[in-house]
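Working notes, beginning with the structure itself.
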Amino acid sequence: MNLSSLSASSASSHPLAPYGWDEGWEAEFAPYAEQGLLPGRVVRVDRGQCDVVTADGTVRADTEFVVPRDPMKVVCTGDWVAVDPGGDPRYVRLYLPRRTAFVRSTSSKRSDGQVLAANVDHAVLVVSLAVELDLGRVERFLALAWESGAQPVVVLGKADLVPDPVTLAHLVHDVGTSAPGVPVLGVSALHGDGLDALVALVGSGTSVLLGQSGAGKSTLANALVGEDVMDVRAARDVDGKGRHTTTTRNLLVLPSGGVLIDTPGLRGVGLFDAASGVGQVFSEIEELAERCRFPDCAHEAEPDCAVRSAVDSGELSPRRLESYRKLTRENQWIVAKTDARVRAERGRHWRRKEAEGKAAREVKRARYR
Ligand code: GDP
Ligand code: ZN
């Protein structure tokens, strides 16, 4: 059953609908609404406090109460939370189970993960056409995106620098080959070419822009928001006590629909425990590997290796196999230093998320099988 086709209910006319409130969240929140709690979405987090948009405006609340000192359970931008309208001090009582989550390990020494953004539907990877395409880097970002649970999208930005449409089509095709199941769009934020397709894509749900510094994320964000993001971010809000305050938002409502999350920490994020993400980026290699003689084949010197024979026959590029090996090794190393508690949390998250999101993605990927 398709929930969105039944969307004549109250969720679509809710004041939070532009922020992504839907029937699913409404149903999850019902028990808390009965307790007199208000739903809201976190638009910014800093040092134990967060800004939450609610039907009554933006309120500032303490986050520490939820689960102290567990970085995986700290409220983050994009979370749907319950706040107590009369609470003083006000705090976030709980957040609803996350549909998706971007996580990274906080540092090389500490082993715990940090949630960077929650409930992201589209992970838009911005790649600049002003510099040579680095497919390895694209694959790395895509692994991260798949792992989060969001649907990746690749934008080949600054497309005005490739004036020949045939060349541009080739580039789009090349990236598509490295990105099974991922839409690839050529977009010029400068001239507006291809922007409509991106606007349509991010027009429902919540999106993030990922990619290297200088790739064109800010310019694209401004084009999507329709004005300078920095101005839009400094929203004037009424806090819980009726005072006017200026808050900086990391979650913005787009004029033609959809929500954009843009946090400094998320933009240049690297790889983390992304085993299943790596598998999705290299799905054709994992499919080939099923035909290797040995189930634990490393595709190095083993006899009857289907992966190496695909390289020999030209079906699989050596660059792609090397990239797969590199990402797999790096990922194993990160997994080894990530402690069991975090992995257990991620496991629970995945089982829940997979049940919810798998069917939808199966449909999208089916044409690549
Ligand atoms: P960010 O670091 O990813 O946010 O990148 P910016 O948005 O700041 O853009 C980096 C540079 O690329 C700036 O000098 C922009 O003017 C330029 N740029 C951004 N989008 C385009 C585009 O569509 N075409 C061209 N030619 N340049 C662009
Ligand atoms: Zn093999």
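Along the sequence shown, residues carry numbers from 1. Computed from a predicted model, the values in this text were never measured in an experiment. Worth knowing before you read on, the calculation uses all heavy atoms, side chains too, and leaves out hydrogens, waters and symmetry mates. Counting convention: from 1, in listed order, for ligands and their atoms alike.
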Nitrogen or oxygen atoms of L190 and ligand 1 under 3.5 Å apart: yes
Atoms in ligand 1 with a heavy atom of L161 nearer than 4.0 Å: 26 (N)
Audit row: S323, L135, side-chain contact (heavy atoms from CB on, under 4.5 Å) steps and yes/no: CA-CA 9 Å; S323 189; L135 289 177; over 6 Å; no
Polar side-chain atom of T54 near backbone of G40 as donor-acceptor pair, under 3.5 Å: no
Contact (N/O only, under 3.5 Å) between G216 and ligand 1: yes
Test item: side-chain donor near acceptor, R291 and S309, under 3.5 Å: no
Distance filter under 2.8 Å, centred on the Zn ion (ligand 2) - protein N, O or S atoms that pass it: C292 SG, C297 SG, H299 ND1, C305 SG
G214 near ligand 1 by a heavy-atom separation under 4.0 Å: yes
W21, Y32, Y19 screened by ring pair (Phe, Tyr, Trp, His ring centres under 6.0 Å) with W80, the one that passes: W21
Element-labelled atoms of ligand 1 that are located less than 4.0 Å from some non-hydrogen atom of T219: 6 (P), 7 (O), 9 (O), 15 (C), 19 (C), 20 (N)
A189: numbered ligand 1 atoms lying under 4.0 Å from its heavy atoms: 23 (O)
Contacting atoms of ligand 1, where contact means under 4.0 angstrom from a heavy atom of K217: 1 (P), 3 (O), 4 (O), 5 (O), 7 (O)
Sidechain-backbone polar pair: H191 side chain, A159 backbone, donor-acceptor under 3.5 Å: no
Contacting atoms of ligand 1, where contact means under 4.0 angstrom from a heavy atom of S188: 23 (O)
Residues V53, L251; criterion side-chain contact (heavy atoms from CB on, under 4.5 Å); working and verdict: CA-CA 10 Å; V53 279; L251 184 150; 5.7 Å; no
Within-shell test, A215 vs ligand 1, heavy atom, strictly < 4.0 Å: yes
Partner set under side chain to side chain contact (heavy atoms under 4.5 Å, CB included) for D84, not counting sequence neighbours: L37, R93
